[in-house]
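Below is one structure, written out as structure tokens; comments come after it.
Read the numbers this way: they start at 1 and go in the same order the structure lists the ligands and their atoms. Note that the structure is a prediction, hence the values are computed from the model and not measured.
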Amino acid sequence: MVVPFTPWRPESWQAKPALQQPNYPSAAQLAEAVRQLSNLPPLVTSWEVMSLRKQLAEAAAGKRFVLQGGDCAERFDECRPDSITSKLKILLQMSLVLVQGAQKPVIRLGRFAGQYAKPRSDDSETRDGISLPSYRGDIVNRPAFTSADRVPDPNLLLRGYERAALTLNFIRSLVRGGFADLHHPEYWDLQFMQHSPMADEYHRLAASINQSLRFMENVLGAHTTDLQWVDFFTSHEALHLHYEQAQTHRVPHREGWFNLATHFPWIGMRTAEPDGAHVEYCRGIENPIGVKVGAAMSNDHLARLLDTLHPRNEPGRLTLIHRLGRARIADHLPRLIKAVRESGKDVLWICDPMHGNTQTTSTGIKTRRFDDILFELEQAFAIHASLGSTLGGVHFELTGENVTECIGGASGITEADLGANYKSEVDPRLNYEQALEMAFLMARQMMPGGAAPAAR
Ligand code: PEP
Ligand code: CO
């Protein structure tokens, strides 16, 4: 199919139906916040964006593996040194484990420095006969059920941008300053780690990596500076289109427009309409982009997205993040893989085993089961392999903290334990131990001749 040429501008999405946008009481205040935001310096550079795109192309070709993870929604008051470092620590630890399993470099893609806007199933929430706008993330309003907290405030766009900048500044300093130095994985240990059933296995792995590094340095007679530290890229759902538009710029010496608020924006499942505003916005930027793919997406819908978002089949441009759920993956993933193959386009496939496996307990708590998440992952590896396709990465909602939001794992969190330390206002995250255990179980499966999927 030939895609008709239609002009694109950072604001051309405004002529399309835009789902999940807040209703601001004052258009003038919104315009002023967008104006201020568009004058602020970027958070990332086009060099970094293009470097990620190249690395994602390599992941699509099976030469790298992506670990994407972080909170469902970042909170402004969690922009603290301890919560940022513990998120980095768990991502670093998981990535070491995955490097060993995959035997290839791992791309670390944080759900951070901008993951502040959330899609909601209803525009409003009613309690005791009072209806207020739904909480849509800290960049839009606040969770407390009062009208002062719930009215969308455009100044929060600026506060969110500042928090993203603070987060990223701290991450960059830590990474460059030695925190992510592979010679010192002990820096990544978390306080409560010694109680973890995974601690010994992890420490053995870290020690063996350290030994290999020193061995290479002795053989090469030099410090392996290229290997010395690891990098992080940022990602968030490109949901709030005024926020994304405001930081979409041209750069000197490169063609096209770049979203410079994040390296990797993705389109959520609820906003992936081919004729909708989110697809319109994303089609015009040069960043690598992701699209969440659920079981309700038809082959025709997917084909239209590929035409619109990936017309030139540029390597690394498009990532499909499937989030089908343990009960649906076997029915839907094969057809989706075949539909992409028929389009002749190359994509990077990532499995998000979280969002298709959310359930509510009898007492009304939103949770996910470790075994469901693991089962979907195992299925994803097996289905891609059986069709000669490549699963190039994984996507998790996780935290470096000791929360009790998901059920199961070696530490045995039960439904009754969920109340102990449940902090998420939105989706339940794997805690530190569950995330590290998940990485070990995945790594085992990825090793050549690795464990076959367990029957469950
Ligand atoms: C999310 O990643 O937090 C999310 C809302 O996912 P999805 O769009 O896949 O439902
Ligand atoms: Co979520």
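- Shortest contact from atom 1 (C) of ligand 1 to any protein heavy atom: His355 NE2, 3.0 Å.
- In this model, no donor atom of one side chain and acceptor atom of the other lie less than 3.5 Å apart for Gln14 and Glu280.
- For ligand 1, the atoms lying closer than 4.0 Å to a non-hydrogen atom of Arg111 are 1 (C), 2 (O), 3 (O).
- The distance from ligand 1 to the heavy atoms of Glu397 drops below 4.0 Å at these ligand atoms: 1 (C), 2 (O), 3 (O).
- If you number the atoms of ligand 1 from 1 as listed, the ones under 4.0 Å from a heavy atom of Gly268 come out as 8 (O).
- Residue Cys72 approaches ligand 1 through these ligand atoms, each under 4.0 Å from one of its heavy atoms: 3 (O).
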Carefully, step by step, assess Arg136 and Asp123 under the rule salt bridge (charged side-chain N to carboxylate O under 4.0 Å, His left out).
CA-CA 9 Å; Arg136 292 188 169 276; Asp123 277 345; 2.6 Å; yes
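- Under a 3.5 Å cut-off, the side chain of Thr404 and the backbone N or O of Asn421 do form a donor-acceptor pair.
- When atom types are taken as modelled, the side chain of Glu125 and the backbone of Ser134 share no donor-acceptor pair closer than 3.5 angstrom.
- Here the side chain of Asn141 pairs no donor or acceptor atom with the backbone of Pro152 at under 3.5 angstrom.
- At distances below 3.5 Å, not a single donor-acceptor pair connects side-chain atoms of Arg317 with backbone N or O atoms of Asp346.
- The closest protein non-hydrogen atom to atom 9 (O) of ligand 1 is Arg323 NE, 2.6 Å.
- With respect to Asp82 and Arg80, a salt bridge is recorded, a charged nitrogen being found less than 4.0 Å from a carboxylate O.
- Distance alone, capped at 3.5 Å, places no donor-acceptor pair between the Gln68 side chain and the Gly110 backbone.
- For Thr262 (side chain) and Pro265 (main-chain N/O), no donor-acceptor pair under 3.5 Å exists by modelled atom type.
- Residue contacts with ligand 1 do not include Met354, since none of its heavy atoms lies under 4.0 Å from the ligand.
- Closest protein heavy atom to atom 5 (C) of ligand 1: Pro119 CG, 3.8 Å.
- Of the candidates Glu237, Lys292, Gln115, Lys292 brings a heavy atom nearest to atom 2 (O) of ligand 1.
- Protein N, O or S atom count below 2.8 Å of the Co ion (ligand 2): the structure gives 4.
- Here atom 8 (O) of ligand 1 lies nearest to Met269 when heavy atoms of Lys118, Met269, His395 are compared.
- Donor-acceptor pairing under 3.5 Å is lacking for the side chains of His301 and Glu273.
- Close N/O approach between Asp352 and ligand 1 is not found [any backbone or side-chain N/O within under 3.5 Å].
- The main-chain N or O of Thr399 is never found under 3.5 Å from a side-chain atom of Glu401 such that the two would form a donor-acceptor pair.
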